[in-house]
Amino acid sequence: MFRGKQTRVLLLNDMERLERTLFRLEQGFELQLRLGPTLQGKSVHVHINYPAPGKKFVSSSFHQLEWVNPSGREDDSDKYCKLDLEIAGSYQYYFGNEERTGGGYIVVDPVLRIGHERKILPLDCITVQTYLAKCLGPLDEWLDRLRVAKETGYNMIHFTPLQKLGASRSCYSIADQLELNPDFSSPGKNYTWMDVGNLTEKLKKEWSMLCITDVVYNHTAANSKWIRLHPECGYNLVNSPYLKPAWLLDRALWHFSCAVADGKYSDSGLPPLIENDKGITVSLEGLLWTEVFSQLKLWEFLQVNVEKNVEQFRKVLQAGECFNNGPKSIQECCDWFKMSLEELNAECYKEMHSHHEKAINCIVETVCYERLASHGPQLGPVTRTNPLVTRYFTFPFEDMTMEQENQLMQNPNDACHLLAHNGWVMADDPLRNFAEPGCNVYLRRELVCWGDSVKLRYGDKPEDCPYLWAHMKKYTEITAKHFSGVRLDNCHSTPLHVAEYMLAVARQHRPDLYVVAELFTGSEELDNIFMTRLGITALIREAMSAGDSHEEGRLVYRFGGEPVGSFVQPNLRPLVPSVAHAMFLDVTNDNECPILVRSVFDALASTAIVSMACCASGSTRGYDELVPQQISVVKEERLYPKWNPDALPSSVEVNLQTGIMAGKLALNKLHQELAEKGFTQVYVDQLDEDTVAVTRHCPSTHQSVLTVSRTAFKNLETHQYRAHLAPMYIPGKIEEVILEAHTVERKAESYVKDERFINGMPNYTVEIREHIQLKDSEIVKQGDAITEGRSEFVEEIFFEKLTPGSVITFRVSLDPNSQKMVGYLRTQLSQFNRLYKSGSLIDSNACCFKLCGSLMSKLTLAEMNVLLFLCDAEEQEDGGGCYNIPSWMPLKYGGLQGFVSVLSEIRPKNDLGHPFCDNLRQGDWMIDYVSSRLMNKGGALREVGKWFSAVFIYLKHIPRYLVPCYFDAIIVGAYATAVDAVFNQMSSFVQNGSTLVKQLALGSVQMCGVGRIPALPPLSPELEDVPVRLNSVTKQEEQCCISLAAGLPHFSTGIFRCWGRDTFIALRGLMLLTGRYLEARNIILAFAGTMRHGLIPNLLGQGVTARYNCRDAVWWWLQCIQDYCNVVPNGTDILMCPVSRMYPTDDSEAQPLGTVHDQPLYVVIQEAMQRHMQGVEFRERNAGPQIDHNMRDEGFNVEAKVNPETGFVYGGNRFNCGTWMDKMGESDKAHNRGVPATPRDGSVVEIVGLCKSAVRWLMTMNENGNFPYSSVTIHRDGTEQSVSYKEWNQRIQENFERFFYVSDDPADPNEQHPELVHKKCIYKDSYGASSLWCDYQLRPNFTIAMVVAPELFTVQRAWEALEIVEKKLLGPLGMKTLDPDDLVYCGIYDNALDNDNYNCAKGFNYHQGPEWLWPVGYFLRAKLYFAKKMGQEKYNESVYLVKNVLSRIYTHLERSPWKGLPELTNENGQYCPFSCETQAWSIATFLEALYDL
């Protein structure tokens, strides 16, 4: 199956330490490390210890990765460094600049190969069987015994250690790590590791079986000769003197135990044979206190000799000269010192007493478990062989008295041989070494001790214990040379740095080392530390841990696979934390016998459940043979039976008639087939309390394998199982019964434990039938085949003889019609992704399908607006609405983006239970909505709709559980194709831009559309290239120019869609920089046609119901004309374009198109300039509540003039708000109705800047011969006066800083109101406001003037002012609209709140603190401009700031279902529910910042 290059992306974020997060990758994957929002713009270096090409792995050797920036510009959203992963292992990465600020690990899985042809064995294919090596007998008999694994379908053998064993004969107590167990050499032969290697190689090549074995790093056998020669390798009383109290206690307990064994305490209630717990606890506790702990006085180890230390202290004082009061003061000090020491000693006594209490509790609990508990070992009487408690330390000496032992402890030559045993501590921190200082496990008797083993003491590095490290390194090399993998025994107690070192050694010899471990940390997070640091491939999990069938089924679901019907994930996707890969076993080699815990009939049913897991699976030798007792790793000395195909049931040899071996062979073959053929999807269904159905599904062929297992956890003789099972309904067509099997009793001798061989129960076997037709089944009966709807083909199954312990497995395919439909569908999807070539079919009956890409390429960007977007209000305007999921919510858009936004959330998580997926499974409503919506639009969109409709015919005829994943593939494929087509119609800035640039550029499509009724007034008939369409009602041709919505969803339709100010703030970013020149021209000219009083309208209302109540829109319009001339090739041609004036005079009614002579645009521009110099003063038409029910009467008076002295535009009054900060009070409760929150009358800083930009531009244009006017002419005092643009420009230039800069010099002669200054070194928000203090408020508006007219600003002053804006106003996404130190600042905008708070009621604080996004774009542009003037260092700092802000924008865009940037946020970036979810000018100004960057 085609898979393609797999790439995973890991985002790096500042201070993010992911050492406890597991990231698993496969060889052949590419890993990309990208900068997260907190790091973008910073100089970040990434280091990793993955070996550089041609180098060997050294864990401490890191190298720096190189950054790649595909777009080579703008932001850091696409910048990455990469690794091509070809070597298995664990690799650490870290990042930062001067210091490490984050890091983690990645684990690359090994690739395992088998057979002569070195075929890859997928990790999920593994079926492993564990063997106790000591039970295999001589090496020359191994093949006969191991053949059992081969013949029952296993492909991996796990051996317990093959080394020479210690005196206890425990498989895990190794006497010599370098010597092969001599038991494996038959008489006259001396086998070596080379012979073992030859055997494992033979198994790998000829039997296609891999071999792994245990490595034991934590301990060695207590009788190991080398530990006697090198006692420094263990924890002894010389190198670990802190263990002396614990050793003394251990010896005292030994002597106490001997006394108990001798009956000394029988009269005290503690006889040698402890038979019941009646009073035993009290007796034992009391005797331990009196006979052991009190006698030892261990607290003295912690205490000081008070008298001795006081005397020393006294001598020091007497020798000094610091005491003038003589002996009296010295005595007082000594008394104080003595009292302090006595207090310390008392604390030490209390501490030791608490250790004693814990020790006594542990001893009593151990004795009760070992001697009395029914589930314990029931050791019998206390003897010297079976003492009361296990000894914690070795004692390689003859018996002696406690006094003599005390002397032994003082002699280093003897004390070095008193070594601590190993063991484990219940619920302990696995990262803590319990034998190190500070841990009192040995003293508190908390260790579950292995008395046959000595705990090894490595230290921190090889130099700390050279012999031990060298010895274990050689041991590791031998193992890695001959085995394909290792099991880390006692992994959770093995020092991590030791295991890391040893595994690195192993991987030098075998790079694709398979590493498994069993962890008992009790925490997935702690498990991950071992997984990541050691590069563990799989964790051993056990079905025996399940208490019932429900839990057993849950484990199958937990340990691997995706849900059935999962979404197809893209090849390039985020690297997400993994669950540890599992090796799921029936039972491990050191656990209880399942037959004793459950029942003999459960063995087959439970192993079938395990075999269906999508991970490695396996068992322990003896399980399949139904051995009815635990095969002890310590006590078992019998041999495994050999394979003999002709053996009789009573024989000690085995074959497929033995136990459940025939069933296991079939299940192992099935397990491997499922993994090899890509059955990666899993569904677990609990049919009843005992019956579990596990489905494995192949996403490419849609074939399923379904196993129904009826477990038998309880004894059939004592438990009443359900007599009848409910029928089962299996979707699809049952092709065959792969197997049906059940455990049966047969005539054979009853079980008798054999003395020489590990024999199973001969009177049980499996009856199995394989690859039969459903009609021939003896377990089930076929019911009716039901077709539900047009796509659900379901087979009914009746369970007739699914007795407890039975298993049946079905192979299920899609019904023939569904198979065809899926094939046809995959053919269409293959145009988007080659993955779908597999299983594709050509539909010979279908008309010739057009490729989706060719259809998309024919759509205009206006049509793309319909295809991809349209919010609910826009859809309703056209008579529809966004698709609504009744149990959830409506989608954000009617177009494809509405669906893609939801799918992109649920796809990575495979959230098939989401209401969106439910809706798709329940019916075709969503599917029909997509196609019919487009077919109703007509034109090229209808053709796209037809394509969807044709593809959806196939989708409607496949099983409903597959509909979500295929719907996703169709929608996402079409969406990606459409987006590519969009970018192909845009500028090179977008086409070659970063992902962030492209995502923002989509905002141009999102905001620019036509709608049912065009929002723009008609353009001149003389103008060329004006788009037209047929009006569906009048059947007449009409113009259909796009308009720019201010924001979605609130400003998307009707008269509230189109605003002059919003349009021209957004036009450069959304239309000019994206290359939409013609549409930008049409918008500019359309607004020009509505000019009145020298102003263009704010609320456009198609020009007919326009309001001319804003002072700034005309200046933004002029700025856009300037930008058009500068950006567009031959842009100055626009000045000659004809403008149809809707209002020939200020007072005329709107004139129909064609009734008024056109004017060239340059004339309209000159009129705007001239009218302002003359002075604009009028009262709005229809003034009163009919046009604004909040405004007071004075507010309808509009004024906009130019101060002849300064050249500043000024206007407005305290009852209106003619700039973008235009909130009018609406609350009667708060008494702010009719009062503007921010009137900003006088000369407003951004309008002065925009005016300066326009005047300068027109002056230059005139000088260049592109604009015919050099001045404006006005009539004043009965005379005609002329003011040149040059003169006007000069006046503004000379006066700007004089009147707008707030100096830090109190004596500045330009500062007329120093008492109002509360922020220095900034620029005023206005000059000459009716409320003088408003001039001095810190707001972000002067940054706009810095961008459009930077020449007005002194560089140093501008820089200081920008620093203050950054510090005080810049938020996570937006810009505070008012200084947070201002008394009326309020950062939470709530338009629904109506109370008596004057400053906040009914959203009065709209521009008094909430953080608006669009000013940030201007701030960033200003910062970049002036940073260049300040030098390279400041510029680099500013680039970091800009990139960092842009990264937060990118993150918001990625997460927003609207795929846009909001109008505003509440303080500190909090979500504001009253904001537009996506706003034109927010998107536009960030695009402009990216363009500047």
Side-chain angles (χ1 to χ4, degrees), residues 1016-1027 1039 1041-1044 1058 1060-1061 1063-1068 1071-1072 1076-1097 1100 1102-1103 1106 1108 1112-1146 1148 1150-1151 1153-1173 1176 1250-1251 1253-1273 1285 1348:
L1016 294 184
L1019 299 170
S1020 165
E1022 302 303 315
L1023 193 65
E1024 295 180 354
D1025 299 323
V1026 177
Q1039 292 184 10
C1041 294
I1042 65 149
S1043 60
L1044 213 157
C1058 217
R1061 176 191 300 125
T1063 294
F1064 293 110
I1065 290 175
L1067 189 123
R1068 178 174 182 261
M1071 306 203 74
L1072 296 179
R1076 304 184 69 172
Y1077 304 143
L1078 183 66
E1079 293 150 313
R1081 178 204 73 175
N1082 293 344
I1083 291 174
I1084 290 169
L1085 297 176
F1087 272 89
T1090 63
M1091 183 172 283
R1092 218 173 190 184
H1093 306 290
L1095 301 173
I1096 65 163
L1100 179 61
Q1102 295 177 276
Y1108 295 83
D1112 58 351
V1114 68
W1115 298 105
W1116 285 109
W1117 174 74
L1118 287 165
Q1119 182 65 36
C1120 276
I1121 299 172
Q1122 180 184 164
D1123 292 334
Y1124 185 95
C1125 293
N1126 292 335
V1127 171
V1128 180
N1130 303 314
T1132 52
D1133 291 353
I1134 194 174
L1135 301 176
M1136 300 302 298
C1137 286
V1139 175
S1140 278
R1141 296 293 293 273
M1142 185 175 275
Y1143 302 101
T1145 67
D1146 289 345
S1148 64
Q1151 302 298 305
L1153 187 65
T1155 59
V1156 180
H1157 288 301
D1158 292 345
Q1159 291 177 331
L1161 178 61
Y1162 69 82
V1163 172
V1164 186
I1165 294 170
Q1166 180 66 6
E1167 180 181 327
M1169 302 302 289
Q1170 202 145 295
R1171 292 297 295 273
H1172 275 78
M1173 185 59 81
V1176 175
L1250 288 162
C1251 173
S1253 175
V1255 170
R1256 178 197 66 229
W1257 174 61
L1258 293 175
M1259 175 186 77
T1260 307
M1261 291 286 284
N1262 173 259
E1263 290 170 357
N1264 294 340
N1266 290 319
F1267 188 71
Y1269 304 102
S1270 62
S1271 60
V1272 288
T1273 304
Y1285 285 121
V1348 296

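The structure presented is a predicted model; accordingly, all values stated were derived computationally and were not measured.
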**Asked** Out of curiosity, Asp1146 CG to Tyr1108 OH, how far, rounded to the nearest 0.5 Å?
**Response** 9.5 Å
**Message:** What's the separation between atom CD1 in Ile1165 and atom CH2 in Trp1257, rounded to the nearest 0.5 Å?
**Reply:** 4.5 Å
**Request:** Please list, chain by chain and in numerical order, all residues satisfying ring pair (Phe, Tyr, Trp, His ring centres under 6.0 Å) with Tyr1162, sequence neighbours excluded.
**Result:** none
**Request:** Give the intermediate values and the outcome of side chain to side chain contact (heavy atoms under 4.5 Å, CB included) for residues Trp1115 and His1172.
**Result:** CA-CA 11 Å; Trp1115 298 105; His1172 275 78; 3.6 Å; yes
**Complete:** Interatomic distance, NE2@His1157 vs CD@Glu1022, rounded to 0.5 Å, equals 11.0 Å
**Message:** Between Asn1266 and Thr1260, does the side chain to side chain contact (heavy atoms under 4.5 Å, CB included) criterion hold? Intermediate values first, please.
**Reply:** CA-CA 9 Å; Asn1266 290 319; Thr1260 307; over 6 Å; no
**Request:** For residues Met1169 and Ala1254, report the shortest heavy-atom separation together with the two atoms involved.
**Result:** CE-CB, 4.5 Å
Compile the donor-acceptor pairs under 3.5 Å between side chains in residues 1127-1140 and protein atoms, sequence neighbours left out, one pair per line.
unit_1: Ser1140; atom_1: OG; unit_2: Asp1158; atom_2: OD1; d: 2.7

**Asked** side chain to side chain contact (heavy atoms under 4.5 Å, CB included) between Val1026 and Arg1081: does it pass, once the steps are laid out?
**Response** CA-CA 10 Å; Val1026 177; Arg1081 178 204 73 175; 4.1 Å; yes
**Candidate pair Val1272 and Arg1171, rule side chain to side chain contact (heavy atoms under 4.5 Å, CB included), full reasoning** = CA-CA 9 Å; Val1272 288; Arg1171 292 297 295 273; over 6 Å; no
**Asked** Can you pull the salt bridge (charged side-chain N to carboxylate O under 4.0 Å, His left out) pairs that have at least one residue in residues 1253-1269, sequence neighbours excluded?
**Response** Arg1256-Glu1351
**Prompt:** Do Leu1016 and Cys1058 come close enough that some side-chain heavy atom pair is under 4.5 Å?
**Reply:** yes
**Main-chain N/O of Leu1019 paired with Gln1039 side-chain donor or acceptor, under 3.5 Å** = yes
**Complete:** Smallest heavy-atom separation, Met1091 atom then Ala1168 atom, equals CE-CB, 3.6 Å
**Item:** Nearest non-hydrogen partners of Arg1061 and Ala1113, listed with the distance
**Value:** N-CB, 3.8 Å
**Asked** Which heavy atom of Tyr1143 sits nearest a heavy atom of Ser1148, and at what distance?
**Response** CD2-O, 3.3 Å
**Prompt:** Out of curiosity, Met1142 CE to Phe1087 CZ, how far, rounded to the nearest 0.5 Å?
**Reply:** 11.0 Å
**Asked** What pair of heavy atoms forms the shortest contact from Cys1120 to Leu1072, and how long is it?
**Response** O-CD1, 4.2 Å
**Asked** What distance do Leu1023 atom CG and Asn1082 atom CG have between them, rounded to the nearest 0.5 Å?
**Response** 6.0 Å
**Message:** Once rounded to the nearest 0.5 Å, what's the spacing between atom CG of Asp1025 and atom SG of Cys1041?
**Reply:** 10.5 Å
**Prompt:** Hey, does Gln1170 have a side-chain heavy atom less than 4.5 Å from the side chain of Glu1167?
**Reply:** no
**Complete:** Between Ile1084 and the options Leu1118, Ile1096, Leu1067, the side chain to side chain contact (heavy atoms under 4.5 Å, CB included) test singles out Leu1067
**Prompt:** Do the non-hydrogen side-chain atoms of Ile1083 and Trp1117 ever get within less than 4.5 Å of each other?
**Reply:** no
